[in-house]
Amino acid sequence: MIPAMSDSASSNDRLLARSLDAVWHPCSQMKHYTRFPLVPLVRGEGVWLYDADGKRYLDAVSSWWVNLFGHCNPRINAALRDQLEHLEHAMLAGFTHEPVVRLSERLRELAPSGLGHCFYGSDGASATEIALKMSAHFWRNHGQSDKTRFLSLANSYHGETLGALSVTDVALFRDAYGPLITQQATVPSPDWRNAEPGESAEAFALRCAGQLEAHLQQHHATLAAFIVEPLVQGAAGMAMYHPAYLREARRLCHHYGVHLIADEIAVGMGRTGTLFACEQANITPDFLLLSKGITGGYLPLSLVMTTDTIYAAFYDDDTARGFLHSHSYTGNPLACRAALATLDIFAADDVIARNREKSTRFNALAAPLREHPRVSHFRNTGMIWAFEVDTVQTDFARQCFARGLQQEVLLRPIGNTVYFMPPYVIDAETFALLVNRTLQIIEALP
Ligand SMILES: *Cc1c(COP(=O)(O)O)cnc(C)c1O
């Protein structure tokens, strides 16, 4: 039962109390919501979210990196309404439908060449699970059953289910859930913040690739795959690196007989300035993972794209040689239609070219932040901006989030790293407002 509330309580307060009573929120210490209240949302439009009192919040993090073309986008809404009238969902084992076929064909045309086969899941973590299982099963089908280990970068993030967690390098998770998983090895990250003074991002990337080679040389016989977040390690605090690392990783993985898995869940769909981040290194990975932005931020959908070579290793009369994996909502037609509508917008609006202009323009607008004495390592890749803030403020991330809300901006720092990852429909005026409000927050820090 909903406890009776006084008449003076706003509908915001009522929704908040009911949420704390009934909903267990993700990635949260629920008790903290007594000090940092939840924000009850009632609607979204473009880059803005609105609460029940009509207060607005600029979604500067694209609602956890998923939204591309704004909330309640009219074109995606129309596609979903149309799909609802035809087929909302049906199982994909033994059945197929136009949206899933068309999406797979279009992605094959757009992705780095050679990635001709799409396997579907519902969220990012399940795409990671699928790629890891497929890779190890490939080697097994090839008579190399010893290749069951995986390698990732230091500070990597590939999702939070147990398999994905085993290739995720986040101290907080490792401490809590380490005993449940077989933690896989890591190699040093090419994150250029760790370069020596005077060392270029490219030289540092190549030095890190040397460390990757040393690991592969020693362990390739038991390694199935190396999994990376191309160009930007998001959860590591938007750690950016030079594409030379990916070129080298591709060459080395090929040489040592280890699969390369490109986790483009966060960086795919134009986020780094090209539709796929791998394009900037001119490589084709053995597996490419997509989720988050693929539906424009509308519905849960993930997919694993892979090569003819991988596909062929499973194609057989024997059931046990097939890929044994399924999810109830595999290839959901509504989610596929949202993804198709998203791809239509990329084509119709020439989004990649337009974003390139926006990125240059926004960098100029962000100059006061870059030059601020408390800001260091200001960086940008495509439609991602990030920097570290120097402050004695304890609990900076939560304080910044709370102050941001007072200033109408949704910021969710990772440690002392503030980042902007706005929907692509943000205009210069709104980006300038974001820069200004962020400056005010930084100025007010102790
Ligand atoms: C978000 C993310 C995932 C996990 O996706 P979920 O949908 O949250 O399970 C995996 N890899 C990367 C790089 C991500 O950013």
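Indexing begins at 1, ligand by ligand and atom by atom, following the structure's order. Along the sequence shown, residues carry numbers from 1.
A side-chain N or O of Y120 and one of S104 form a donor-acceptor pair less than 3.5 Å apart. Checking R271 against S62 by side-chain atom types alone, a donor-acceptor pair falls below 3.5 Å. For S63 and N67, the side-chain atoms include no donor-acceptor pair closer than 3.5 Å.
For ligand 1, the atoms sitting less than 4.0 Å from at least one non-hydrogen atom of G159 are 4 (C), 10 (C), numbered in the order shown with element in parentheses. The A266 neighbourhood of ligand 1 comprises atoms 15 (O), with distances under 4.0 Å to a heavy atom of that residue. Counting atoms of ligand 1 from 1 in the listed order, those under 4.0 Å from a heavy atom of H158 are 10 (C), 11 (N).
Partner of D344 under the salt bridge (Lys or Arg N to Asp or Glu O under 4.0 Å) criterion, chosen from R106, R337, R102: R106.
Residue W65 touches ligand 1 through its side chain alone, judged by heavy-atom distances below 4.0 Å.
A125 N, 2.8 Å is the protein heavy atom nearest to atom 9 (O) of ligand 1. The protein heavy-atom contact nearest to atom 12 (C) of ligand 1 is D263 OD2, 3.4 Å.
One option in S122, G234, G121, G124 has a heavy atom closer to atom 5 (O) of ligand 1 than any other, and that option is G124. Residue K292 holds the heavy atom nearest to atom 15 (O) of ligand 1 of all those in E229, K292, E129.
Salt bridge status for E248 with R251: present, with a side-chain N to carboxylate O gap under 4.0 Å.
Judged by a 6.0 Å distance limit and a 45° cone about the ring axis, R43 is positioned over the six-membered ring of Y50.
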